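Working notes for the structure below.
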Amino acid sequence: MSAPTYPQRADWNNQNSWGGNRLGRPSHLPTPEPEAPQPALPQQRFQPGFGLRGPRRNRHLLPPDVLDTLTLPVADDGIVIGVDPQNQPAVLGLLRPKPLDVIVVGSMWIAQLLALRTVAVGARVAVESARPYAWAQMAQAAGGGQQCVSIHEVRQLAPQGPSVSSPVLVVRDAGAQPPRNQLAPSAWQSVITLLPFLGPKAPRLLARADLLGLQRLSPQEAEVVTRIMGLPRQVEAALPTLSDNAMLWCNRHHQEFVLTQPTDSETGLLGAPRRMD
């Protein structure tokens, strides 16, 4: 018996197989016209994280001789306590990464103004006072509905837990002879001790203070402060003549007279500037 035979398989690589060309198109169909070459598009360059480059703009150029006129009006950070003799804002940095002990000889008015402006920059205020009723209205208005100011009886102030995200200003309003501060020094916690006048303990308090804020003093008080802080004689002579809204802020290395300018809302809440309550 002879071996079976099979038809030959189409060779797709042969143009004559199946009557077509190498692409398998039947030979009786018309050959299409070749397409015109398309112009090459410019290649877009990508920058990581930026995508396509945007429209071009002319650069802002300055001649070299005017570069010195460029300024960036950024001053110290802190609370604005008034204006200096050059009529520039005076800024007091109360909130720092290290403890700060401040003595203010003056009225409750200036202490409450400092507390209000400290709350305005995002800090908490804890008041230790022998007259808590006198602080109640300010504490209620300070936070705009939030409890930013807490009031405590004398010797009843607990640790406040200050931190870089929640700094604290402690205001001690306990008369001319305040008891010893029960809070341990802490970073991001400043303490203002308000003295209505200089009492027997004043020299010791002034000697260890980091900063003094002084409203109008008597000539005898000005002499004591000058001796302890080493103030110039012309500064001593000016202290008894200060107006109700003027203060001297000083330490052993620097002195600055500041004119306090309350806003209308602060005046409506606290009244006009005054030296005595």
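Quick caveat: nothing in here was measured; it's all calculated off a predicted structure.
With hydrogens and angles disregarded, no donor-acceptor distance shorter than 3.5 Å links the side chain of Asn245 to the backbone of Pro273. At least one donor-acceptor pair closer than 3.5 Å links the side chain of Arg216 to the backbone N or O of Leu242. Judged purely by atom type and a 3.5 angstrom limit, Asp210 uses its side chain to pair as donor or acceptor with the backbone of Asp101.
The environment of Asp264 atom CG is sparse: at most 12 non-hydrogen atoms of other residues, nucleotides or ligands sit within 6.0 angstrom. Annotation for Gln177: atom CD counts as buried by contact number, over 12 foreign heavy atoms lying within 6.0 Å.
Linking Ile, Leu, Val, Met, Phe, Trp and Tyr residues whenever their side-chain heavy atoms come within less than 4.5 Å places Val149 and Met108 in a single cluster. In the hydrophobic clustering of ILVMFWY residues, with side-chain heavy atoms under 4.5 Å counting as a link, Leu270 and Ile79 come out together. Following chains of ILVMFWY side-chain contacts shorter than 4.5 Å, one cannot reach Leu239 starting from Leu259, and the two form parts of different hydrophobic clusters. Leu248 and Met276 are assigned to two separate hydrophobic clusters, defined by single-linkage of ILVMFWY side chains at heavy-atom distances under 4.5 Å. In this structure, Phe257 is not a member of the same hydrophobic cluster as Val83, with clusters built from ILVMFWY side-chain heavy atoms closer than 4.5 Å.
Look at Arg117 and Glu266 and you find a salt bridge, because one of the NZ, NE, NH1 or NH2 atoms lies within 4.0 Å of a carboxylate O, short of that distance.
Looking at heavy atoms from C-beta onward, Val127 lies out of side-chain contact with His152 at the 4.5 angstrom threshold. Counting heavy atoms from C-beta outward, Glu153 and Pro132 have side chains that approach closer than 4.5 Å. Annotation: side chain of Gln156 is not in contact with side chain of Glu128 (no heavy-atom distance under 4.5 Å). Using a 4.5 Å cut-off on side-chain heavy atoms (C-beta onward), Pro262 and Trp109 make contact. Using a 4.5 Å heavy-atom threshold, the side chains of Val102 and Val191 count as separate. Annotation: side chain of Val170 is not in contact with side chain of Ile192 (no heavy-atom distance under 4.5 Å). For the pair Leu194/Arg172, no side-chain contact is recorded, criterion being any heavy-atom separation below 4.5 Å from C-beta on. When side chains are defined from C-beta on, Thr260 counts as touching Leu113, because their heavy atoms get closer than 4.5 Å.
For residues 82-99, no pair satisfies salt bridge (Lys or Arg N to Asp or Glu O under 4.0 Å), with sequence neighbours left out.
For the residue pair Trp135 / Asp173, a side-chain donor-acceptor distance below 3.5 Å is found, with atom types taken as modelled.
Take Arg204 and apply the side chain to side chain donor-acceptor pair (under 3.5 Å) test, not counting sequence neighbours, and it matches no residue.
Interatomic distance, CD of Gln140 versus CD1 of Ile151, reported as 9.5 Å (0.5 Å rounding). The CD atom of Gln255 sits 10.5 Å away from atom NE2 of His253, with the distance rounded to the nearest 0.5 Å. For the atom pair CG of Leu116 and OG of Ser265, the computed distance is 8.5 Å after rounding to the nearest 0.5 Å. Interatomic distance, Leu206 CG to Ile228 CD1, rounded to the nearest 0.5 Å: 4.5 Å. To the nearest 0.5 Å, atom OG of residue Ser129 and atom CG of residue Leu157 are 11.5 Å apart. Distance check: Leu92 CG to Glu256 CD gives 11.5 Å after rounding to the nearest 0.5 Å.
Residues Arg124 and Ser166 come closest through the heavy atom pair NE-OG, 2.7 Å. Pairing each heavy atom of Leu198 with each of Glu221, the nearest pair is N-OE2, 3.1 Å. Pairing each heavy atom of Trp249 with each of Val104, the nearest pair is CH2-CG2, 4.1 Å. Pro162 and Ser186 make their closest contact through CG-OG, 3.4 Å (heavy atoms, listed as atom of the first residue, atom of the second, distance). The two atoms that bring Gln182 and Arg155 nearest to each other are OE1-O, 3.2 Å, heavy atoms only. The shortest non-hydrogen separation linking Asn181 to Leu183 is OD1-N, 3.1 Å.
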Any chance you could lay out the side-chain contact (heavy atoms from CB on, under 4.5 Å) test for Cys148 and Val125, step after step, and finish with the verdict? CA-CA 6 Å; Cys148 300; Val125 174; over 6 Å; no
Take Ile81 and Leu114 through the test side-chain contact (heavy atoms from CB on, under 4.5 Å) and record every step on the way to the result. CA-CA 7 Å; Ile81 57 174; Leu114 294 173; 3.8 Å; yes
Passes side-chain contact (heavy atoms from CB on, under 4.5 Å), Leu212 versus Val105? Steps please. CA-CA 8 Å; Leu212 298 184; Val105 183; over 6 Å; no
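Between Ser107 and the choices Arg274, Arg275, Gln215, Gln112, the side chain to side chain donor-acceptor pair (under 3.5 Å) rule is met once, by Gln215. Of the residues listed (Val225, Ile103, Leu195), the one engaging Leu214 in a side-chain contact (heavy atoms from CB on, under 4.5 Å) is Val225, and it is the only one.
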